Amino acid sequence: MVAMFLSSITPLFENLNHYYTNNNTTPFLIIAFTVISTLTWLLFLRPNMAHRNLPPGPPGLPIFGNLLSLDPDLHTYFLSLAHTYGPIFKIQLGSKLGIVITSPSMVREVLKEHDSVFANRDVPAAGRAATYGGADIAWAPYGPEWRMLRKVCVLKMLSNNTLDSVYELRRNEVRKMVGFLHDRVGSEVNVGEQVFLTVLNVITEMMWGGAVEGQEREGLGAEFREVVAEMTHLLGKPNVSDFFPALARFDLQRVEKQMHALVPRFDGIFERKIGERVKEGNKKSNDFLQFLLNLREEADSKTPLTMVQLKALLMDMVVGGSDTSANTIEFAMAEMIKNSEVMKKVQEELEAVVGRDNMVEESHIHKLPYLCAVMKETLRLHPALPLLIPHRPSETTTIGGYTVPKDSRVFVNVWAIHRDPSIWDNPLEFDPTRFLRDDDGGANKWDFSGSDFTYFPFGSGRRICAGIAMAERTVLYFLATLVHSFDWRVIDGEKLDISEKFGIVLKKKTPLVVIPKLRLSNLGLYK
Ligand code: HEM
């Protein structure tokens, strides 16, 4: 505990020291802040909190609350606290009150019965820095601008109609990935990296008709993946600026600074693409960027789209759409390689529907119920956003009989609900058949609509994921192709590690590096 305390505050003081030396500010200000905050907490906040029928929670220290005992793997840490304090508990994060919910009935209260109250976000400093001040869908406050942004994306880029119309793009990119893997048969392949690059290419093709090709493929794939991974890491990292908004301007952990260094990697590309398109003056392109540029010119729009919002939307698609889908595919591949009987069943299903002398097409997918169950089971055990994106109530509300104050940060632990033994038989087992059984309505009961609060990997209610249709197609089509075209084995002497690393987006702790072997009867299909 003492070591944890020291290691928690050491970087804080290192950063303060950096601040003094660079800004010539006296330590007096910081000491004064600490004394005033302590007195405020003791005299005003603490007595108030005691009277408000807040949920139970672990005892905390003055000022810091529970910050110093926070475990970086928040999803497992919150589950362990739920075992002690129950399905709704509070956690004091500096001056910010966190409320953690781990029961389906209370999630229903939050995301269904009081959905409009909880449809706001508590934008972290890293989120603001990543999205031009929180101008995107994920962080925009619930209101007309958010509605407009979401409508634009869902109708024009993420709808089933649009996705049907750009199938050829997905097909081309997936075939390129197959060609790339074909050239590496018998050698080690980092599956997540290749899948990530292919997903990113599909997204950028849909946005402005451009992809990463040939020689660039290996290098740039790894580089972009690192940038997105670092961004999602910073978005999930506990940050003093969020817990003590009064200290935000000091950016003590330099989270904002790091995010500001990453954003130009994509912003540079956005600026270049927008500049080229405006210069061309060709308004006929059929992609998302052109649609957004045309929309900007519509003078009668009630909620006009600004250039900042336009770029923030592009950022949402790149960051929100790539890592989530790619990590889900990587987890599913790892689970199938580890559970060879599951892999065998998926391959048998593919053989019956597609055959070995053919390539998978997206039109085959609806005939592959077992593969769909594999995707569902992967998202049950490894939901891409284990705590969703934290919600913020715009009014004080009663949940489970307890007060949830206005502006608190509400974490919904979907990861823990998906592993709850009172809901799932053998919850830690990877068993896709649980989604196929008819006895308890399993085949139809659990879908991605967010209507069942025992299974909701895409969230629920107004803030449900905007990209479900695209995620479903991407994950299923990629998985079907990867296991139909290749057999996969682990490197000799290595054990497949399935453990997770927490972040706003969950990822595998160690990358899945495995060896592909050809499976199709006709080698020409790989070209
Ligand atoms: C397997 C893949 C994916 C999973 C599991 C997933 C899951 C989620 C979840 C849990 C949320 C938060 C819901 C909440 O806070 O209540 C979310 C939000 C969001 N997702 Fe996804 N997602 C995936 C893929 C995608 C893709 C492909 C896109 C777009 C290209 C996308 C775009 C978004 C956006 C824009 C939001 C913010 C919605 C809002 O705040 O209104 N996601 N997603």
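Remember, it's 1-based here, ligands and their atoms both numbered in the order they're listed. Quick note: residue numbers are just sequence positions, from 1. Computed from a predicted model, the values in this text were never measured in an experiment.
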Problem - K311 and D267 ion-paired at < 4.0 Å - result: yes
Tell me which donor-acceptor pairs under 3.5 Å the side chains of residues 138-147 have, and how far apart each pair is, sequence neighbours excluded?
residue, atom, partner, partner atom, Å
Y142, OH, R462, NE, 2.6
E145, OE1, Q309, NE2, 3.3

Handout entry: Sequence neighbours excluded - salt bridge (charged side-chain N to carboxylate O under 4.0 Å, His left out) pairs with any residue from residues 414-429
Key = R419-E500
Exercise for the section: Name all residues meeting the side chain to side chain contact (heavy atoms under 4.5 Å, CB included) criterion together with L476; count only those two or more places apart in sequence or in a different chain, and write none if there are none. Expected result: I365, L371, C372, M375, E472
Exercise for the section: Would you kindly check if the NZ (Lys) or CZ (Arg) of R380 is within the cone defined by 45 degrees around the ring axis of W424 and under 6.0 Å from the six-membered ring centre? Expected result: yes
Exercise for the section: Give a yes or no on whether the backbone of S363 and the side-chain of H366 come within a donor-acceptor separation of less than 3.5 Å. Expected result: yes
Give a table of atom pairs where an N or O of ligand 1 lies under 3.5 Å from a protein N or O.
residue, atom, partner, partner atom, Å
ligand 1, 15 (O), R121, NH1, 2.9
ligand 1, 15 (O), R121, NH2, 3.1
ligand 1, 15 (O), I389, N, 3.3
ligand 1, 15 (O), I389, O, 3.4
ligand 1, 15 (O), H391, NE2, 3.1
ligand 1, 16 (O), H391, NE2, 2.8
ligand 1, 40 (O), R121, NH2, 2.8
ligand 1, 40 (O), R463, NH1, 3.0
ligand 1, 41 (O), W146, NE1, 2.9
ligand 1, 41 (O), R150, NH1, 2.9

